[in-house]
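Heads up, the thing below is written out as structure tokens.
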Amino acid sequence: MKIESQEISLSLLKEKAIRLFVKRIDKMHPFIAGNKWYKLKYNLIEAKKQQKKTVLTFGGAYSNHIAATAFATKENNLKSIGIIRGEEHFRLNPTLAFAKANGMDLNYKSRSDYRTKKTSDFLVKLKQQFGEFYLIPEGGTNMLAIQGTVAILDKNDTHDIICCAVGTGGTMAGIINASNKQQTVIGFPAIKGIKQLEHDIRKWTNKENWKLINDYVFGGYAKLSDKLVDFIIDFNNKHQISLDAIYTGKMMLGILDLISKDYFPKGSSILVIHSGGLQGNKGMNERLGLSLPTNQYL
Ligand SMILES: *Cc1c(COP(=O)(O)O)cnc(C)c1O
């Protein structure tokens with residue numbers, strides 16, 4: 001599928017002689033928007049190949065991966081089980097309401113139990129409770145996911161620099177694998193713990209043309225500052241591009257900040273991957289009384 005890139009027009013970019021493009025993979029699908037579609041693709045094919053009827057996965061209560069998995073499994077006639085971190089709330093937030101409406105069986109684990117989810121004990125208990133299932137890890141990253149995210153770049157993406165937002169690093173690893181060695185892939189982590197991330201990304205790729213920039217984490221995963229919120233709203237007003245508050249907003253703020261500080265050589269062409277995540281803004285708005293832009297479908 002050919003995905004359009006949209007050029008951003010700003011006096012800052014003219015002044016610095018930088019061209020900035022946004023690849024709108026957030027527009028790929030109304031409900032599995034962005035990188036999660038690529039990450040799920042080969043996992044769902046594999047689940048069917050193994051004749052599994054159920055997919056089980058993990059996530060936080062606002063997880064884009066949980067929402068995407070619920071919808072994508074339903075579309076593929078598979079059942080889904082979501083193991084959700086934290087206790088159940090009487091009223092479901094928008095992410096979990098969406099997952100449930102799409103047939104996901106939601107199961108809550110205390111934070112301490114949730115932390116043990118990679119142990120074989122935990123897996124044995126899940127098998128006892130739910131029977132056979134195809135397991136997709138938290139965030140959706142495994143080898144098949146990375147095979148999928150390779151397709152985020154295509155032969156038209158000849159820009160000098162490719163930027164993406166980073167959670168587990170699976171999306172970035174696929175992009176690195178698809179890049180050529182004249183290009184530099186720059187990842188903007190949304191979470192703390194850069195050493196672990198670098199280690200993981202190295203496992204999934206054998207190229208060296210990448211780096212992580214850790215200066216725009218904004219305190220961690222779901223931490224919002226007024227500066228970030230104002231930036232997202234202003235960016236949407238100027239460019240009609242909605243950014244999410246957890247991943248793509250931080251990245252875009254970081255890129256423009258770096259451009260203003262002459263981080264990139266004059267004449268550079270930068271491609272920013274808009275990995276989606278808009279469903280999360282709805283929950284943020286509800287919880288914090290904000291007016292972040294949301295996906296028109298959700
Ligand atoms: C999940 C997600 C990411 C992070 O992807 P990883 O492959 O885990 O690094 C980035 N952007 C958005 C919008 C996401 O939903």
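No hydrogens, no waters, no symmetry mates; every other heavy atom, side chains included, goes into these values. Remember, it's 1-based here, ligands and their atoms both numbered in the order they're listed. In this text the structure is predicted, and so the values were computed from the model without any measurement.
- Side-chain contact between Trp204 and Met143 is present, with heavy atoms from C-beta onward closer than 4.5 Å.
- Ligand 1 has no nitrogen or oxygen under 3.5 angstrom from a nitrogen or oxygen of Met172.
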**Prompt:** Could you walk me through whether Val217 and Ile194 pass the side-chain contact (heavy atoms from CB on, under 4.5 Å) check?
**Reply:** CA-CA 10 Å; Val217 177; Ile194 187 167; over 6 Å; no
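- The one candidate from Asp230, Val229, Leu228, Asp234 that meets the side chain to side chain contact (heavy atoms under 4.5 Å, CB included) condition with Ile232 is Leu228.
- Residue Gly276 has at least one heavy-atom neighbour below 4.0 Å for each of these atoms of ligand 1: 13 (C).
- The distance criterion of under 3.5 Å between nitrogen or oxygen atoms is met by Thr168 with respect to ligand 1.
- In summary, the atoms of ligand 1 found under 4.0 Å from a heavy atom of Val166, numbered by their order in the structure, are 9 (O).
- If you check which protein heavy atom lies closest to atom 12 (C) of ligand 1, you get Tyr247 CD1, 3.3 Å.
- Ligand 1 has a nitrogen or oxygen under 3.5 angstrom from a nitrogen or oxygen of Lys39.
- If you check each of Gly187, Ala68, Ser275, Gly167 against atom 9 (O) of ligand 1, the one with the closest non-hydrogen atom is Gly167.
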**Request:** Verify side-chain contact (heavy atoms from CB on, under 4.5 Å) between Asn236 and Ile233, making sure each step is shown before the conclusion.
**Result:** CA-CA 5 Å; Asn236 190 39; Ile233 291 169; 5.9 Å; no
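- A distance of 10.5 Å separates OG1 in Thr141 from CD1 in Ile136, rounded to the nearest 0.5 Å.
- Residue contacts with ligand 1: Gly139 is placed with no nitrogen or oxygen under 3.5 Å of a nitrogen or oxygen of the ligand (distance criterion only).
- Short contacts between ligand 1 and Gly169, defined as distances under 4.0 Å to a heavy atom of the residue, involve ligand atoms 6 (P), 8 (O), 9 (O).
- Close contacts between ligand 1 and Gly277 involve ligand atoms 13 (C) [criterion: under 4.0 Å to a heavy atom].
- The protein atom (non-hydrogen) at minimum distance from atom 1 (C) of ligand 1 is Lys36 NZ, 1.6 Å.
- Within the 4.0 Å heavy-atom criterion, the part of Asn35 lying near ligand 1 is the side chain and not the backbone.
- In this structure, Lys27 pairs ionically with Glu4, as a charged nitrogen and a carboxylate oxygen lie closer than 4.0 Å.
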**Request:** Output, in order, the C-alpha distance, side-chain angles, deciding distance and verdict of side-chain contact (heavy atoms from CB on, under 4.5 Å) for Tyr263 and Ile186.
**Result:** CA-CA 12 Å; Tyr263 180 84; Ile186 300 182; 4.2 Å; yes
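- Results of the side chain to side chain donor-acceptor pair (under 3.5 Å) test with Thr95 over Lys282, Gln279, Lys100 single out Gln279 as the only residue that passes.
- Between Asp244 and ligand 1, not a single N/O pair is under 3.5 Å apart.
- Side-chain polar atoms of Asn281 and Ser242 form no donor-acceptor pair below 3.5 angstrom.
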